[in-house]
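Have a look at the structure below before the remarks.
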Amino acid sequence: MSTEQLTAHTKVSIGVDVGGTKIATGLLRGEDLLDRHVQPTPETGWPAVLDAIATQILLLQASHPDAVAIGIGVPGPLTADRTGVKFAPNIYGFNDVPLVAGLHERLGQTVVLENDAKAAALAEATLGAARGTASSVYVTVSTGIGSGIVINGHIWRGHNGVAGEFGHITVMPGGPVSGAGLDGALEAVASGTAIARDASYALNREVSTAEAFALAQSGNPQARRVVEQAMKHIGVAIADVQKLLDPEVFVIGGGVASVGDYFFENVDRFAQEYGAAFAPVTIRRAQLAGDAGVIGAALSAFVSRH
């Protein structure tokens with residue numbers, strides 16, 4: 001989708017990015033994100049979360065009555081028809097949530113539901129680091145690892161809707177068990193959670209992900225071993241996806257990627273090494289940062305409605 005198409009075909013859309021600790025809401029008018037609001041995610045179950053989402057949507061619509069398209073980004077797998085959330089492990093009580101029906105009851109309006117990583121992938125492809133490309137893979141490396149595939153302006157979902165589950169690629173059979181119950185999945189060995197776990201074990205004390213990277217860069221051999229193994233797993237997985245899909249560009253964001261040059265240089269080094277015989281890998285840093293989820297949710301509403 002070109003910027004001209006975006007501006008011409010939608011005046012405004014509302015995006016909601018639901019996370020484990022906060023709910024971010026904003027209004028996208030053309031390419032401008034307006035009236036961004038962040039509130040804590042309720043910890044009393046999913047009805048309270050839907051109440052909080054509905055309240056913010058109504059407040060935005062009071063100021064922007066032309067905001068008729070609404071997109072919601074939520075972590076975790078969605079139902080096949082994209083009307084509900086199977087589970088969101090980082091949100092209390094968020095299991096088997098009939099989100100579209102629940103918000104329709106509260107708002108009397110239809111909303112579009114999207115996985116949060118796929119929404120962010122659409123945002124980076126449309127207005128961010130992958131803008132102008134025909135194909136991109138967005139990867140977020142944070143508490144877990146999520147991703148989304150965008151081809152010609154549309155999210156590629158696959159036959160069963162699970163395309164892009166980069167974090168659940170098995171890279172170490174028999175390795176640590178992930179939140180999805182898989183042994184050796186990428187996010188179980190290379191996410192921020194995995195890095196903190198392994199660094200804490202290696203150093204025999206509690207170590208955060210940020211401290212693990214700081215220690216690694218200052219020369220601590222145990223910390224360097226831990227973070228370089230994680231970066232290698234990510235780089236190798238990217239090289240494998242390059243061989244499988246051959247996208248124009250990979251965009252990487254998330255809290256772990258915010259480490260900066262050290263992270264990107266090493267991930268790129270491993271990706272190039274393991275993809276060298278086939279094709280060069282192009283990796284870019286995400287541009288939209290904390291706004292990607294809200295922008296992507298808003299764009300999802302537009303794309304799904306037309």
Side-chain angles (χ1 to χ4, degrees), residues 19-22 75 90 116-117 120-121 124 128-130 136-148 166-172 175-179 184-242 249-276 280-293:
T21 60
K22 66 183 186 304
N90 295 320
D116 61 344
E124 289 290 347
S136 61
V137 176
Y138 170 81
V139 179
T140 175
V141 185
S142 190
T143 303
I145 297 178
S147 69
F166 186 76
H168 298 292
I169 294 173
T170 301
V171 297
M172 186 189 292
V177 178
S178 72
L186 181 63
E187 75 170 24
V189 299
S191 64
T193 303
I195 291 168
R197 177 199 66 213
D198 292 348
S200 296
Y201 181 81
L203 295 170
N204 197 31
R205 63 178 178 83
E206 193 74 19
V207 179
S208 68
T209 307
E211 185 184 3
F213 273 99
L215 289 170
Q217 291 178 84
S218 68
N220 182 283
Q222 292 97 332
R224 177 171 292 178
R225 184 82 176 271
V226 168
V227 300
E228 289 200 352
Q229 283 182 342
M231 293 185 294
K232 182 174 183 178
H233 282 306
I234 294 169
V236 171
I238 286 174
D240 286 344
V241 173
Q242 183 76 43
V249 63
F250 288 83
V251 177
I252 306 181
V256 174
S258 66
V259 168
D261 291 346
Y262 179 67
F263 175 85
F264 280 92
E265 288 170 2
N266 280 282
V267 169
D268 185 72
R269 173 168 64 90
F270 289 121
Q272 303 302 342
E273 178 182 346
Y274 282 84
V281 178
T282 300
I283 298 174
R284 297 179 186 171
R285 304 181 192 207
Q287 291 181 351
L288 301 177
D291 290 333

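- Proximity of a side-chain donor or acceptor of R284 to a complementary backbone N or O of V251 within less than 3.5 Å is not detected.
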Could you walk me through whether F263 and I252 satisfy the side-chain contact (heavy atoms from CB on, under 4.5 Å) test, starting with their C-alpha distance in whole Å, then the side-chain angles of each, then the deciding distance to 0.1 Å, before giving a yes or no?
CA-CA 10 Å; F263 175 85; I252 306 181; 3.9 Å; yes
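- With sequence neighbours excluded, the residues forming a side chain to side chain donor-acceptor pair (under 3.5 Å) with R269 are N266, listed by chain and number.
- Contacts of R285 classified as salt bridge (Lys or Arg N to Asp or Glu O under 4.0 Å), with partners at least two apart in sequence or in another chain: D261.
- Here the closest non-hydrogen pair linking A212 and V207 is N-CG1, 3.7 Å.
- Looking at Q272, its side chain does come within 3.5 Å of a backbone N or O of V281 through a donor-acceptor pair.
- Contact check for I238 versus I283: side-chain heavy atoms found under the 4.5 Å cut-off.
- Remark: side-chain polar atoms of E187 are not paired, donor with acceptor, to backbone N or O of G167 under 3.5 angstrom.
- Residues passing the side-chain contact (heavy atoms from CB on, under 4.5 Å) test with A216, sequence neighbours excluded: A223, R224, V227, Y262.
- For the atom pair S200 OG and I195 CD1, the distance stands at 11.5 Å (nearest 0.5 Å).
- Residues L186 and H233 have side chains in contact (heavy-atom distance under 4.5 Å, counting atoms from C-beta outward).
- At a threshold of 4.5 Å between non-hydrogen side-chain atoms, the residues V256 and S191 do not count as touching.
- In this structure D198 satisfies the side chain to side chain donor-acceptor pair (under 3.5 Å) test with no other residue, sequence neighbours excluded.
- In terms of the side-chain contact (heavy atoms from CB on, under 4.5 Å) criterion, residue partners of I169 (sequence neighbours excluded) are, by chain and number, F166, V171, V241.
- Taking every heavy atom of both residues into account, V249 and A130 meet most closely at CG1-CB, 3.8 Å.
- The side chain to side chain donor-acceptor pair (under 3.5 Å) contacts involving residues 209-223 comprise R205-E211, where partners must be two or more places apart or lie in separate chains.
- No donor-acceptor pair closer than 3.5 Å links the side chain of S178 to the backbone N or O of A185.
- With sequence neighbours excluded, the residues forming a side-chain contact (heavy atoms from CB on, under 4.5 Å) with T140 are A117, Y138, S142, listed by chain and number.
- Here Y274 pairs with K232, V236, A239 under the side-chain contact (heavy atoms from CB on, under 4.5 Å) rule; sequence neighbours left out.
- Contact check for R197 versus P176: side-chain heavy atoms found under the 4.5 Å cut-off.
- The minimum heavy-atom distance between S208 and A196, with the atom names listed, is C-CB, 4.1 Å.
- In this structure, the separation between CD on E124 and CD on Q287 is 6.5 Å, given to the nearest 0.5 Å.
- If you take CD1 on I234 and CZ on F270, they are separated by 10.5 Å, rounding to the nearest 0.5 Å.
- Distance check: M231 CE to F213 CZ gives 5.5 Å after rounding to the nearest 0.5 Å.
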